[in-house]
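Data block below; observations after.
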Protein chains: 2
Amino acid sequence: MKNPLGMAVLGLLLESPLHPHAMAATLRDRGMDRAFKVTTGSLYDVVRALVREGWIEARETVKVGARPERTIYGLTAAGQEEFTRWVDRLVREPQAEFPKFLSAVSYLGALGPAGAVEALRERADRLRASVEEIRRSHAAALGEVPRLFVIEAEYAARMTEAELAWVEEVAGEIEAGGLAWPEEGR
Amino acid sequence: MKNPLGMAVLGLLLESPLHPHAMAATLRDRGMDRAFKVTTGSLYDVVRALVREGWIEARETVKVGARPERTIYGLTAAGQEEFTRWVDRLVREPQAEFPKFLSAVSYLGALGPAGAVEALRERADRLRASVEEIRRSHAAALGEVPRLFVIEAEYAARMTEAELAWVEEVAGEIEAGGLAWPEEGR
DNA sequence: CCTCAAATACTCGGATCCGAGCGATCGGAG
DNA sequence: CTCCGATCGCTCGGATCCGAGTATTTGAGG
């Protein structure tokens, strides 16, 4: 069980038992799908895995009309503990991650000076838009819930801004000739 | 073909044809395994996928001693084009990514004020170490190759520093009571 | 009252990921 | 010359991921 979506599920069930579809719906409508990749397929796999580990359990299966049955899952005691341990571990220990942009930057040379500047500038535009979007929805959310519950937006905004600053700086440096372009692509 | 490792392979083959094991070795020894997740299993899958797409092709299979055959792959013309397009796209278009820390921060509340501060401080320590490590190896590399070829380390360092700053700031705010802890975990 | 888009709720199978092996061979210590 | 650990080079299969598809139901608009 590595998938953080599992953590999200535990977190939700802490409040009240739910069936998978409701989990997805809640997650999305709280905007948590910006922090967790929630796809239906994975969700059902994750739920099955959580059951296997004994962290959640089926509470009842209801049938409303002629729709497929809904199986409602609730947290076990072990699941509650696991949730806290999980959050704690992910906060404490930085994981080696491999953002795609990091990979791309490793081969920035391939674009040539002009191409690199152009691509970087376009990224910068998109990042700017993205920061604004984050700020906007964060501000909106602050009307509804305590700041602690939407603190991740502040983190996302900060990180995006940091990237934006770096991208603009490098684009500038290339244009100014401050970042030399060797002949041979490595 | 989504895996950035595919891009790394194309990038390597731009220099000279190689067999998979040599690709992994080269990648690791240039320290590119900090930007690409290189695991043997995936590598062979990725190579197969690149062949399927017609971006690389088997050039020859050599047998040295009684060891397993080595199949040497080289870039096709299509592969060269694809490489540039790939880098360009990843630079231009920010991808929605889901760093584990972002997920964890979404549930920071679960740790309680004291627990959160403690965990954040530990993360801060590790991040500091990580920045130093990046800087150190970047400085070392600068003796060997042009700056453009190790620019990704500058990006990594900046992003790690940004995270570090945020983590310390939030820990400080919690301690100072500037970030309220509602009763009920959401 | 009818239609059609949206929401409800999940399944399925192909694609991908990736660590644990496996069977060599090489290099150096004794 | 012989043993052993490191390196070479790859395969395999289980786990996971996830989008597309399925089948129903509700609700708003005409």
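Convention: sequence-line order gives letters A, B, ...; per-chain numbering from 1.
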Find every protein N or O atom lying less than 3.5 Å from an N or O atom of nucleotides 13-16 of chain D, and list the pairs.
residue : atom : partner : partner atom : Å
D/dT16  : OP2  : A/R52   : NH2          : 3.3

Worksheet entry | Distance, rounded to the nearest Å, where B/R28 contributes CZ and D/dC8 contributes P | 10 Å
Worksheet item: Are the charged groups of B/R135 and B/E133 less than 4.0 angstrom apart, N to O?
Response: no
Item to complete: Please determine if B/R30 and B/E144 form a salt bridge, counting it only when a charged side-chain N lies under 4.0 Å from a carboxylate O.
Response: no
Worksheet item: side-chain contact (heavy atoms from CB on, under 4.5 Å) between B/I174 and B/V170: does it pass, once the steps are laid out?
Response: CA-CA 6 Å; B/I174 296 171; B/V170 171; 3.9 Å; yes
Fill in: From C/dA9, C/dC17, C/dG19, nucleotide with atom closest to B/V46 side chain
C/dC17
Item to complete: Let me know the distance between CG of B/D29 and C1' of D/dC8, rounded to the nearest Å.
Response: 15 Å
Worksheet item: Would one find a side-chain N or O of B/S42 under 4.0 angstrom from OP1 or OP2 of C/dC18?
Response: yes
Discussion item. In whole Å, I'd like the distance from the CZ atom of B/F36 to the P atom of C/dC18.
Written reply: 14 Å
Item to complete: Take atom NE2 of B/H19 and atom C1' of D/dG9, then tell me their distance rounded to the nearest Å.
Response: 8 Å
Discussion item. Do B/F101 and A/Q95 have side chains that approach each other closer than 4.5 Å (heavy atoms only, starting at C-beta)?
Written reply: no
Worksheet item: Under 4.0 Å between a side-chain N/O of B/K37 and OP1 or OP2 of C/dC18, yes or no?
Response: yes
Worksheet item: Which nucleotide in the set C/dT11, C/dA9, D/dG9 lies at the smallest distance from any side-chain heavy atom of B/Y44?
Response: D/dG9
Practice prompt. Determine, for A/E82 against A/R85, whether the closest basic-nitrogen to carboxylate-oxygen distance falls under 4.0 angstrom.
Written response: yes
Counting only pairs under 3.5 Å, give me each side-chain donor-acceptor contact of residues 41-51 of chain B, with atom names and distances, residues two or more places apart or in other chains.
residue : atom : partner : partner atom : Å
B/S42   : OG   : B/T39   : OG1          : 2.9
B/D45   : OD1  : B/R48   : NH1          : 3.4

Worksheet, complete the sentence: Note: for B/H21 and B/G41 on DNA chain D, the residue whose nearest nucleotide lies more 5' is B/H21
Practice prompt. Output yes when B/K100 and A/E93 qualify as a salt bridge under the 4.0 Å nitrogen-oxygen rule, no when they do not.
Written response: no
Response to the item:
Rounded to whole Å, CG of B/L18 lies from C1' of D/dG9 at a distance of 14 Å
Discussion item. At 10 degrees resolution, what angle do the end axes of the helix from C/dC1-D/dG30 to C/dG30-D/dC1 form when each is taken over five base pairs?
Written reply: 20°
Worksheet item: Looking at A/T76, A/L75, A/L18, which one forms a side chain to side chain contact (heavy atoms under 4.5 Å, CB included) with A/I56?
Response: A/L75
Response to the item:
Whole-Å distance, A/F98 CZ to C/dC17 P, equals 13 Å
Worksheet item: Is there side-chain contact between A/W86 and B/Y107, with at least one heavy-atom pair below 4.5 Å?
Response: no
